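Data block below; observations after.
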Amino acid sequence: MKGDHHMILRVIAKCLIPLILIYAFYVQFHGEVGPGGAFQAGVIIAVALILYALVFGLTATMRAVPPWFTRALAAVGVLIYAGVGFWALLSGGDYLEYQALFGEPPGEHHGQHAGIIIIEIGVLCAVSGAMTTIFYALAGRVAEIRDEDW
Amino acid sequence: MWTFILTHAGYWAIIGLMMISLYIAFSAENLIKRLVGLSLFQTTICLFYVTLGKITGGTAPVLLPADMPEHGAAHGAGAAAEAHLVAGGGERVAELVNVYSNPLPHVLMLTAIVVGVATLSVGLALIVRIREVYGTIEADDVRAVDIETALAQEAKLESELKEATA
Amino acid sequence: MTEVMIGGTGTALINILFLGMLFVVALAIARLRSLFAIVMLSGVYSLVSAAWYILVDAVDVGFTEAAVGAGMSTAVLLGAMLLTARTAKPEKPLQRLGPLVVCLATGVMLIYGSVDLPALGDATSPANAGIGLTYLKINWYDMGVPNVVTSVLASYRGFDTLGETAVVFTAGLAVALLLGFGERSLAETLKKTPKAETRPAPRGKDGNAA
């Protein structure tokens, strides 16, 4: 970035971005007992990256989180989700039947909890990866936002 | 009659909002404005859907402690205690102490919103490509350019045909 | 009398306030021509409707709308706006007539249909007395997860959510295939000397050829 007139923005963003990321993980892992979940957490992670890109420039963001990584993350997320389904199949249940993951009788919840947590991680990867890819694709077309455009 | 109006006025207000956003999507020639109208329309449909699932006196569908009977409290305290409680008459269908709103519309709309932004960005990507090719994002200008190109192609074909026959 | 509304009198007033705000924002979007203002107002619309979701007990949906509608989609729309145009062309007055008639007719038909809908907040309506109530009742025994929305989303309707995740992934892929993965900007910025601060010429033709 040129000049010093964005200094306050940079300092504040540096403080905020880690908090936003921690909040995203809180939303992710607290989703079972309160409002929230993987869809929201994934979008919040993408928004933290967008804030970083807006303040520090797209090139720095792409060095930190390369485009190939976000692409792969989106695909891996869907694979994790689908993989849980096959795990349930191999354990003798139906597709995505979490009760069968550990072969528990109804009323026991370890399989359900494990299944929900793993697929939520999959959704987190897929949503944050896809959203960041979309942002990179759109933002990658302009080299830099001119000041008079604001 | 008054009661009827009071219980249905919410629907009518949301239908009014829906029609305004439909109007934006219909009347705008600018493609970005049209997409904004479509995304407003989607948001309003979600509003309608979620409002249908509201129950008077209900609360958000996150179970309160009164509706989480003992068998869950033994979580982590050992599977043996849990199995004992289940065997001692664990009932699958519980009677709820509190009133909760219908969770099903929430689930459906939650995913619809996320898919909505994904499809919105596909539309925007198409618009960016249209801008790069046509130099405009007004629908009627794009149409005019299309007609011009088609006419020019036809004229070129005709002249080539004439040259070939001559 | 006020009991039949969503809540008490205070809640009814809040309802009217929020719906009124939504109306004002929607009408402003319909009238404005500056795309920047339109995009920002659509973010405001999402934020106000997130408040409405909280009011009708949909805390998860409100959260999603605030994060996705007000955050992500505004950012994406702004990015697309930067690449295209700043203002919309004024509409011809005659052009408005057709859409107006269509929307009025559709609205009247929908309101006529809404007469048969169950009252707002009716616990015994078919929609609310069916599978939704069953999910609430069996959730604690089946899952041991307090948030019913999460358990329905991830477990009872897990297959549905798998499809939605695949759609999000496919949309990301489609955007990347249409616009490139963003490496073009990376390469441009890397090879650009600090002197050449101006934006490259409008890429009408080279984008066409790509």
Side-chain angles (χ1 to χ4, degrees), chain A residues 2 27 31-40 43-44 46-47 50 54 57-59 62 67-68 70-71 74-75 77-78 81-82 84-85 95-96 98-99 106-107 109 112-113 115-116 119-120 122-123 126-127 129-146 149, chain C residues 36 58-64 66-68 71-72 75-76 78-80 82-83 86 141-147 149-151 153-155 158-159 161-162 164-166 168-173 175-186 188-190 192 194 197-200 203 207:
Chain A
K2 57 177 188 285
V27 169
E32 296 184 9
V33 284
F39 282 105
Q40 292 93 330
V43 173
I44 290 173
V47 165
I50 291 175
L54 286 179
L58 195 62
T59 319
M62 281 188 177
W68 64 262
T70 64
R71 253 179 283 158
V78 179
Y81 199 136
V84 174
Y95 193 71
L96 288 174
Y98 309 140
Q99 201 71 44
H109 305 141
Q112 295 284 356
H113 286 192
I116 289 177
I119 68 128
E120 294 240 321
V123 172
V127 171
M131 293 295 165
T132 318
T133 306
I134 288 171
F135 174 72
Y136 278 167
L138 278 168
R141 287 253 149 178
V142 265
E144 196 171 323
I145 300 167
R146 292 173 302 174
D149 279 344
Chain C
F36 184 74
V59 279
D60 287 86
V61 189
F63 198 164
T64 318
V68 175
M72 190 68 207
V76 172
L78 276 180
L82 275 175
L83 287 173
R86 301 294 183 279
Y141 178 79
D142 280 356
M143 308 283 168
V145 169
N147 190 350
V149 174
T150 300
S151 68
L153 180 92
S155 190
F159 207 72
T161 313
L162 175 62
E164 312 272 10
T165 315
V168 171
F169 166 67
T170 315
L173 199 66
V175 172
L177 289 178
L178 277 166
L179 295 183
F181 289 103
E183 275 102 344
R184 185 202 273 193
S185 134
L186 191 63
E188 253 176 40
T189 327
L190 285 181
K192 202 171 60 176
E197 278 289 354
T198 49
R199 207 157 58 149
R203 48 191 119 206

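Here the structure is a predicted model, which means the values were calculated and not measured. Within every chain, numbering begins at 1; the chains are lettered A, B, ... in the order of the sequence lines, protein sequences first and strands thereafter.
Residue C:Leu178 touches chain A through its backbone alone, counting heavy-atom pairs closer than 4.5 Å. Using a 4.5 Å cut-off between heavy atoms, A:Ile134 touches chain C through backbone and side chain atoms alike. If you measure heavy-atom distances from C:Val149 to chain A, you find no contacts under 4.5 Å at all. In this structure, the portions of C:Thr161 lying under 4.5 Å from any heavy atom of chain A include both its backbone and its side chain. Contacts of C:Ala176 with chain A are made by both backbone and side-chain atoms, with heavy-atom separations under 4.5 Å. Residue contact with chain C, scored on non-hydrogen atoms closer than 4.5 Å, involves the backbone and the side chain of A:Ala75 alike. For chain C, the nearby part of A:Val27 is the side chain; its heavy atoms alone come within less than 4.5 Å.
Taking every heavy atom of both residues into account, A:Tyr81 and C:Ala154 meet most closely at OH-O, 4.4 Å. Among all heavy-atom pairs drawn from A:Ala82 and C:Leu162, the shortest one is N-CD1, 4.1 Å. Here the shortest heavy-atom pairing between C:Ser151 and A:Ile116 reads CA-CD1, 4.5 Å. Between C:Thr150 and A:Gly36, the shortest heavy-atom distance links the atoms OG1-O, 4.0 Å. Among all heavy-atom pairs drawn from A:Val43 and C:Ala67, the shortest one is CG1-O, 3.6 Å.
Rounding to the nearest 0.5 angstrom, the gap separating the CD atom in A:Glu32 from the CG atom in C:Asn147 is 9.0 Å. Taken from CE in C:Met72 to CD1 in A:Ile44, the straight-line distance is 12.5 Å, to the nearest 0.5 Å. Summarising the geometry, atom OH belonging to C:Tyr141 is positioned 7.5 Å from atom NE2 belonging to A:His109; distances are rounded to the nearest 0.5 Å. For the atom pair A:Phe39 CZ and C:Asp60 CG, the distance stands at 11.5 Å (nearest 0.5 Å).
Using a 4.5 Å heavy-atom cutoff, the side chains of C:Val76 and A:Leu138 are in contact.
In this structure, the side chain of A:Tyr95 does not engage the main chain of C:Phe159 through any donor-acceptor pair within 3.5 Å.
Heavy-atom pairs under 4.5 Å with chain C were tallied for A:Val78, A:Val127, A:Val47; the largest tally goes to A:Val78.
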